[in-house]
Engineer: 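Handing you this structure, nothing more for now.
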Amino acid sequence: MRIAIDSGGTFTDCVYLEGSQLRVLKLFSTPQQPGDAVLEAVLSVTHDGKNAEVRHGTTVGTNAMLERRGAKVAYVTTVGFEDVIAIGRQARTSLYDWFRSPLPCVVPPGLRFGVEERTSAEGTILRSPSAEHLRNLAQRIQRSGAESIALSLLFSFANPINEQLVAEALMPLGLPISISHEILPEFREYERGATVVTNAYLAPKVSSYIRALETSLTEKFSGGSVQVMQSSGGIVSASLAAREPVRTVLSGPAGGVIGAYRIAGLAGFTKLIAFDMGGTSTDVSLIDVEEGGPRTTNESVVSELPVSVPMLDIHTVGAGGGSLAKFDEGGVLHVGPRSAGSIPGPICYGKGEHATVTDANLMLGRLDPDLFLGGEVRLDDQRTRTIMESSRASLATLEQYATGIVTLAETAMEKAIRMISIERGYDPREFTLVSFGGAGPLHACSLAKSLRIPRVLIPCMPGALSALGILMADVVRDYSRTVMMPADPERLESFYAELEHRGTKELATEGLSGTGIRSADLRYIGQGYELNVTAGDDLLASFHSMHQKRYGYSDLTMPVEVVNVRVRLTAKTEEIDLPRRELRPGNGTQAILKTRSIHFANAWQKSNVYARDLLIPGDIFSGPALITEYSSTTVLPPSCLARVDEYANLIIEVN
């Protein structure tokens, strides 16, 4: 049985194939032992766990970075460059915030070690480390109490011989070693070093988690297997994920992007803004099929550390259903980024004591207390009302308090969408907002109206789309190398062939074969930034065109250089045929469960409550309304028009 499991801050979502039918299961997450919820999900859907092929989107690495609870890392680099990892770049995270101090470096001074060696920028070995020096280095690291080693020598991407010598000398220590020429053979010493440090920082925790989970499935449940979702939108084996956990820090959100891309493509939409609102955070990304689909970036920052392995271009803000509301000392209301999580959770779950976005939606009638999770969990609306009434401070009514919470959360999410669209030269009026996550459909229409996005697509099973994306994702391997040379296709061919040979060999060890996509990072000579362009005969023309769109100018007379070459190898996953039904005229009256009052525009309005499972492709109806289902609830404001397409997606025209 094929199972995809996405561990979130509040819920663990499970999507699986039962025969030819897709099924969904949502469980409360177990933050202290994330694997417990995963194993419970496997047992629940298989009954005995046998022969379960599990694909997993994990937040273990993400949380370890955000909470700064990783391993004690020894950073080994060329002598004289030990402090680069702390110095970083001159750019300030918050340029005008004079009171903001950067987070402390994850590698304290006592754990930074220099190696007496040197390689030139062209790859010539100028000095090799002596055997005695390497013995002393190993002894110093052993005495330091380090739990993991990050090895990143100057210009090792051009020639890895010295780095290999140091790695061999440190192997007897028995510590996990992250080696830069294996993980990121690219220039920019700070970014490369930080990426390797991040991998070493996560390695013990993530590796032990993945291996324990794999052991439980293969031994306790007989015949099970584990694969892990990468931040780049592709699946890797558990062994590779355990060895290079830096590739999994946006594991869950990446599944959502892939799911949105696949589902919206079936529905006929090519320009998409993916909007994933869960219990803890909101993730947004822009997808343009004409530009190649989901975009990856090598310029991500996680917990103030650059991570330069390929990741889907996702922007995250601390606004989710569990985001906590509070008043500051001046009486000003704030929402997030702290979250109630699954423990204690929102007030309405029965244990929380502080108002959240979910509680606010409940008080505004936008959640039905009797229909949450298909009626399996009843929301405690009376308890929520009592606590929120006592904590609304100087606000005149409970409705004002709840509306303020929702407005602040939506403002943060609107800003995130503006950042990935308007601020990058894209007009949101040309796009469709694909909304998912347990809380996304509650806010999608309001956000679309604010941003003048004409339509919203709510996919089938929106609360578990990230897990569905993981189930649909292909097996992917990414390879790169810095070359620093003119854009000459003939000279580049040997580098591409080398990367493809390495990738083909690695995939073959798993019994897989893949097709390759070549690309290159290009820039005008003298620039300090690059643009990634798909390789081909029109490489230069594509670069000039992209530069014009991104920065507002291009210069055909300027010489262009290739900085990095990249190859992505993809082994296709067996296609999942989603159910498709014939359209027929209808108005959805057969799906109306009841009516209830919902608060819109400072007034309570009588609204229909629809059961999404009872809607039929072809149904068309208007708001105000609630559309409830097992994994989520959709709010349909007044004047908005919803229709059900042949794949059971909700397409909402926003007016």
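The model shown is predicted, which means the values in this text are computed figures rather than measured ones.
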Engineer: Strictly distance-based, threshold 3.5 Å: is any side-chain N or O of Ser519 a donor or acceptor partner for the main-chain N or O of Thr534?
Structural biologist: no
Engineer: Just so I know, are the side chains of Ser144 and Phe113 near enough to count as touching, which here means a heavy-atom distance under 4.5 Å?
Structural biologist: yes
Engineer: With sequence neighbours excluded, what pairs up with Arg68 under the side chain to side chain donor-acceptor pair (under 3.5 Å) test?
Structural biologist: Ser303
Engineer: Val24 versus Leu468: any side-chain heavy-atom pair under 4.5 Å?
Structural biologist: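 Sidechains of Leu468 and Val24: no contact.
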Engineer: Could you check whether any side-chain N or O of Lys26 sits under 3.5 Å from a backbone N or O of Gly463, counting only pairs where one atom can act as donor and the other as acceptor?
Structural biologist: yes
Engineer: For the atom pair CD (Glu646) and CG (Asn649), what is the distance rounded to the nearest 0.5 Å?
Structural biologist: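 Going from the CD atom of Glu646 to the CG atom of Asn649 covers 9.5 Å.
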Engineer: In Å and rounded to the nearest 0.5 Å, what is the CD1 to CG distance from Ile417 to Leu433?
Structural biologist: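 Ile417 CD1 to Leu433 CG: 5.5 Å, rounded to 0.5 Å.
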Engineer: Got a sec, which pairs hit side chain to side chain donor-acceptor pair (under 3.5 Å) with one end in residues 195-205, sequence neighbours left out?
Structural biologist: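 Qualifying pairs: Ser178-Asn199.
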Engineer: Thr12 and Ser29: side-chain hydrogen bond (donor to acceptor under 3.5 Å, both in side chains), yes or no, with the steps?
Structural biologist: CA-CA 5 Å; Thr12 293; Ser29 295; 3.0 Å; yes
Engineer: In the structure I gave you, are the side-chain heavy atoms of Ile5 and Val42 within less than 4.5 Å of one another anywhere?
Structural biologist: yes
Engineer: One pair to check against side chain to side chain contact (heavy atoms under 4.5 Å, CB included): Val196 and Leu151. What are the steps and the verdict?
Structural biologist: CA-CA 7 Å; Val196 177; Leu151 174 57; 5.7 Å; no
Engineer: So, Thr282 side chain and Ala319 main chain: donor-acceptor pair closer than 3.5 Å or not?
Structural biologist: yes
Engineer: Do any N or O atoms from the side chain of Thr30 and from the backbone of Gln33 form a donor-acceptor pair under 3.5 angstrom?
Structural biologist: yes
Engineer: Minimum heavy-atom separation for Ile210 and Ala241, please, with both atom names.
Structural biologist: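 Scanning both residues, the minimum pair turns out to be CD1-CB, 3.7 Å.
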Engineer: Between Lys72 and Glu147, is there a salt bridge with N-O shorter than 4.0 Å?
Structural biologist: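 A salt bridge is absent here (no side-chain N lies under 4.0 Å from a carboxylate O).
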Engineer: Looking only at heavy atoms, which two atoms of Thr248 and Val228 are closest? And how far apart?
Structural biologist: CG2-CG1, 3.9 Å
Engineer: Show, in sequence, the C-alpha distance, side-chain angles and deciding distance for Ile263 and Tyr647, and conclude whether the side chain to side chain contact (heavy atoms under 4.5 Å, CB included) test is met.
Structural biologist: CA-CA 9 Å; Ile263 296 297; Tyr647 290 100; over 6 Å; no
Engineer: Below 4.5 Å, heavy atoms only, C-beta onward: do Leu367 and Thr358 meet side chain to side chain?
Structural biologist: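 Counting from C-beta outward, Leu367 and Thr358 do come under 4.5 Å.
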Engineer: So does Arg502 pair up with Glu498, basic N to acidic O under 4.0 Å?
Structural biologist: no
Engineer: Nearest 0.5 Å, what's the CZ-CG distance between Phe436 and Leu465?
Structural biologist: 5.5 Å
Engineer: Could you state the interatomic distance from CG (Asn532) to CG (Asp521), rounded to the nearest 0.5 Å?
Structural biologist: 5.0 Å
Engineer: Might you point out which heavy atoms bring Ser237 and Glu510 nearest each other, and give the distance in Å?
Structural biologist: OG-OE2, 3.7 Å
Engineer: Taking it one step at a time, do Glu186 and Ser480 satisfy side-chain hydrogen bond (donor to acceptor under 3.5 Å, both in side chains)?
Structural biologist: CA-CA 7 Å; Glu186 298 179 18; Ser480 63; 2.6 Å; yes
Engineer: Using only atom types and a distance under 3.5 Å, with no angle test, would you say the side chain of Ser300 pairs donor to acceptor with the backbone of Val307?
Structural biologist: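 Not at all, since once roles are kept as given, no pair shorter than 3.5 Å links the two residues.
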Engineer: Does the side chain of Lys351 reach to within under 4.5 Å of the side chain of Ile343, using non-hydrogen atoms?
Structural biologist: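 When only atoms from C-beta onward are counted, Ile343 and Lys351 do not touch, as no gap falls below 4.5 Å.
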Engineer: Strictly by salt bridge (charged side-chain N to carboxylate O under 4.0 Å, His left out), give each pair with a member in residues 237-258 just once, sequence neighbours left out.
Structural biologist: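 As it turns out, the salt bridge (charged side-chain N to carboxylate O under 4.0 Å, His left out) pairs with a partner in residues 237-258, which skip direct neighbours, are Glu244-Arg247.
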Engineer: Between the side chains of Arg566 and Asp478, is the shortest nitrogen-to-carboxylate-oxygen separation below 4.0 Å, so that they form an ion pair?
Structural biologist: no
Engineer: State plainly whether the residues Arg211 and Glu214 are in salt-bridge range, i.e. N to O under 4.0 Å.
Structural biologist: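 No, no charged N to carboxylate O under 4.0 Å.
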Engineer: Rounded at 0.5 Å granularity, tell me how far CD1 in Ile470 sits from CD1 in Ile258.
Structural biologist: 10.0 Å
Engineer: Just checking, is any N or O donor in the side chain of Thr296 or Arg568 under 3.5 Å from an acceptor N or O on the other one?
Structural biologist: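 Looking only at side-chain atoms, Arg568 and Thr296 do not form any donor-acceptor pair under 3.5 Å.
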Engineer: Let me see the working for Ser281 and Thr316 under side-chain hydrogen bond (donor to acceptor under 3.5 Å, both in side chains), right down to the final yes or no.
Structural biologist: CA-CA 7 Å; Ser281 62; Thr316 301; 5.6 Å; no
Engineer: Ring-plane angle category for Phe157 and Phe187, please: parallel below 30°, perpendicular beyond 60°, tilted otherwise.
Structural biologist: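 Judged by the thresholds at 30° and 60°, the geometry between Phe157 and Phe187 is perpendicular.
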Engineer: Which heavy-atom pair separates Tyr190 from Leu305 by the least distance, and what is that distance?
Structural biologist: OH-CD2, 4.3 Å
Engineer: Main chain of Ser152, side chain of Arg192: is a donor-acceptor contact present, judged purely on distance under 3.5 Å?
Structural biologist: no
Engineer: Of all residues at least two apart in sequence or in a different chain, which pass the side chain to side chain contact (heavy atoms under 4.5 Å, CB included) check with His501?
Structural biologist: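 For His501, no residue satisfies side chain to side chain contact (heavy atoms under 4.5 Å, CB included) once neighbours in sequence are set aside.
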Engineer: Are more than 12 heavy atoms, taken from residues, nucleotides or ligands other than Arg338, located less than 6.0 Å from that residue's CZ atom?
Structural biologist: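 No, because the 6.0 Å sphere around CZ of Arg338 holds 12 heavy atoms or fewer from other groups.
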Engineer: Report the residues that fulfil side chain to side chain contact (heavy atoms under 4.5 Å, CB included) with Thr77, sequence neighbours left out, ordered by chain and then residue number.
Structural biologist: Tyr75, Phe81, Glu82
Engineer: So how far is it from Leu373 CG to Ser632 OG, rounded to the nearest 0.5 Å?
Structural biologist: 10.0 Å
Engineer: Of the non-hydrogen atoms in Gln230 and Ala254, which two are nearest, and what is the gap between them?
Structural biologist: O-CB, 3.4 Å
Engineer: Students often mix this up, so state it plainly: with edges at 30° and 60°, are the rings of Phe28 and Tyr349 parallel, tilted or perpendicular?
Structural biologist: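 Geometry flag for Tyr349 against Phe28: perpendicular rings.
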Engineer: Any side-chain heavy atom of Leu175 sitting closer than 4.5 Å to one from Leu170?
Structural biologist: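 No, every pair of side-chain atoms sits at 4.5 Å or beyond.
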Engineer: Apply side chain to side chain contact (heavy atoms under 4.5 Å, CB included) to Glu376 and Tyr630, showing your working.
Structural biologist: CA-CA 9 Å; Glu376 292 182 7; Tyr630 175 74; 3.8 Å; yes
Engineer: Got Ser466 and Asp276 here, is their nearest side-chain heavy-atom distance under 4.5 Å?
Structural biologist: yes
Engineer: For Gln142, does the CD atom sit with more than 12 other heavy atoms under 6.0 Å from it, leaving out its own atoms?
Structural biologist: no
Engineer: Okay, side chain of Ser285, backbone of Ile314: is any donor-acceptor separation there less than 3.5 Å?
Structural biologist: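 Looks like no, no N/O pair under 3.5 Å.
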Engineer: Less than 4.5 Å apart, any side-chain heavy atom of Leu578 and any of Met472?
Structural biologist: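 Yes, their side chains come closer than 4.5 Å.
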Engineer: For the backbone of Met461 and the side chain of Arg612, can you confirm whether one donor and one acceptor N or O come within less than 3.5 Å of each other?
Structural biologist: no
Engineer: Return yes if some donor-acceptor pair links the side-chain N/O of Glu191 with the main-chain N/O of Ser308 below 3.5 Å, else return no.
Structural biologist: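 Such a contact is absent between Glu191 side chain and Ser308 backbone.
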Engineer: Phe275: what forms a ring-ring contact (aromatic ring centres under 6.0 Å, His included) with it, not counting sequence neighbours?
Structural biologist: none
Engineer: May I have the step-by-step check of side-chain hydrogen bond (donor to acceptor under 3.5 Å, both in side chains) for Arg55 and Thr573, ending in yes or no?
Structural biologist: CA-CA 12 Å; Arg55 291 181 159 200; Thr573 293; 2.9 Å; yes
Engineer: Between Pro310 and Asn298, what is the shortest heavy-atom contact and its length?
Structural biologist: N-ND2, 3.6 Å
Engineer: Using only atom types and a distance under 3.5 Å, with no angle test, would you say the side chain of Glu163 pairs donor to acceptor with the backbone of Leu153?
Structural biologist: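 Such a contact is found between Glu163 side chain and Leu153 backbone.
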